[in-house]
Amino acid sequence: MKLVISLLSGALFGAGLHVSGMTDTARVRGFLDFAGNWDPTLMFVMGGAILPMLLAWRLTRGRAPLTGGTFPTQAPQVISRPLIAGSVLFGIGWGLVGLCPGPALASLSYGGWQGIVFLGAMLTGMWSVPRLRRVLDTRTTHA
């Protein structure tokens, strides 16, 4: 049952990205172009996602999911160097390409080799960063 709910949720998310135009890289880059032809659409899409999630966090306190188990606790809000570095890298990639992980996956549904190349680069980065972090952390503790 959890798998079916996850599949339906992911499909709904992907459909929402398509309908809102967030798989269109030009629209996303337009949002980041404050000095040019600014497109505020992404701001409304973000608000349409953040507000229901905020409400969901408030309403689920003390309740259990329908499929069993427990809801995850809210992550601690700690600003660290890895968080800042990851945010900067994410922002640079998002600004250059106009895609982040969700829309990148959703964009695969309408084809094009560019989406496949981006997905490959994204997965390579996701795979390599933890390994690079271990090497860098080891060097800093021995320095």
Side-chain angles (χ1 to χ4, degrees), residues 1-58 60-61 63-65 67-143:
M1 185 61 153
K2 287 183 183 182
L3 184 60
V4 171
I5 291 172
S6 296
L7 181 64
L8 292 174
S9 298
L12 179 63
F13 178 69
L17 289 171
H18 275 296
V19 169
S20 65
M22 292 303 106
T23 57
D24 179 3
T25 59
R27 177 164 288 187
V28 174
R29 286 192 311 265
F31 173 74
L32 300 172
D33 186 8
F34 296 111
N37 191 18
W38 184 64
D39 182 356
T41 308
L42 181 59
M43 181 174 56
F44 295 109
V45 172
M46 283 185 198
I50 292 170
L51 291 176
M53 193 63 223
L54 179 68
L55 190 62
W57 276 111
R58 298 286 182 233
T60 57
R61 286 188 181 155
R63 297 183 181 188
T67 57
T70 59
F71 288 111
T73 57
Q74 193 170 9
Q77 299 177 1
V78 177
I79 297 175
S80 62
R81 270 194 277 171
L83 175 66
I84 293 169
S87 300
V88 168
L89 288 174
F90 177 87
I92 291 169
W94 190 43
L96 289 173
V97 180
L99 287 174
C100 60
L105 290 173
S107 71
L108 292 177
S109 65
Y110 54 81
W113 63 270
Q114 297 95 337
I116 295 169
V117 169
F118 178 81
L119 181 67
M122 181 182 75
L123 292 174
T124 300
M126 292 169 82
W127 177 84
S128 61
V129 165
R131 287 148 185 82
L132 181 61
R133 279 281 322 266
R134 281 196 295 271
V135 169
L136 292 174
D137 288 346
T138 304
R139 288 185 180 172
T140 17
T141 56
H142 294 335

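Source: prediction; values computed, not measured. Each residue takes its place number in the sequence, starting with 1.
Listed by first then second residue, pairs satisfying salt bridge (charged side-chain N to carboxylate O under 4.0 Å, His left out) with a partner in residues 83-105 number zero, not counting sequence neighbours. Sorted by first then second residue, the salt bridge (charged side-chain N to carboxylate O under 4.0 Å, His left out) pairs that include residues 6-27, not counting sequence neighbours, are Arg27-Asp39.
The shortest distance between side-chain heavy atoms of Val117 and Gln114 does not fall below 4.5 Å.
Annotation for Ala64 and Gly69: closest pair CB-O, 3.9 Å, computed over non-hydrogen atoms. Contact between Pro52 and Gly47 at its shortest, heavy atoms only, is CD-O, 4.0 Å.
A distance-only check finds a donor-acceptor pair linking the side chain of Trp38 to the backbone of Phe31 [under 3.5 Å].
Within a 6.0 Å radius of CZ in Arg131, other residues, nucleotides and ligands contribute more than 12 heavy atoms.
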Tabulate below the donor-acceptor pairs under 3.5 Å that side-chain atoms of residues 2-20 make, not counting sequence neighbours, or state none.
| residue | atom | partner | partner atom | Å |
| --- | --- | --- | --- | --- |
| Ser6 | OG | Lys2 | O | 2.9 |
| Ser9 | OG | Ile5 | O | 2.8 |
| His18 | NE2 | Ala106 | O | 3.1 |
| His18 | NE2 | Ser109 | OG | 2.9 |
| Ser20 | OG | Gly16 | O | 2.8 |
| Ser20 | OG | Leu17 | O | 3.2 |

Could you go through residues 80-104 and list every donor-acceptor pair under 3.5 Å that involves a side-chain atom there, pairing it with any protein atom two or more places apart or in another chain?
| residue | atom | partner | partner atom | Å |
| --- | --- | --- | --- | --- |
| Ser80 | OG | Leu83 | N | 3.4 |
| Ser87 | OG | Leu83 | O | 2.7 |

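Expressed to the nearest 0.5 Å, how far CG of Leu136 lies from CG of Leu132 amounts to 4.5 Å. The structure places CD1 of Ile50 at 7.0 Å from CE of Met46, a figure rounded to the nearest 0.5 Å. Atom CE in Met53 sits 12.0 Å away from atom CG in Leu51 (nearest 0.5 Å).
Pro76 is linked by a side-chain contact (heavy atoms from CB on, under 4.5 Å) to Val78, counting only residues two or more places apart in sequence or in another chain.
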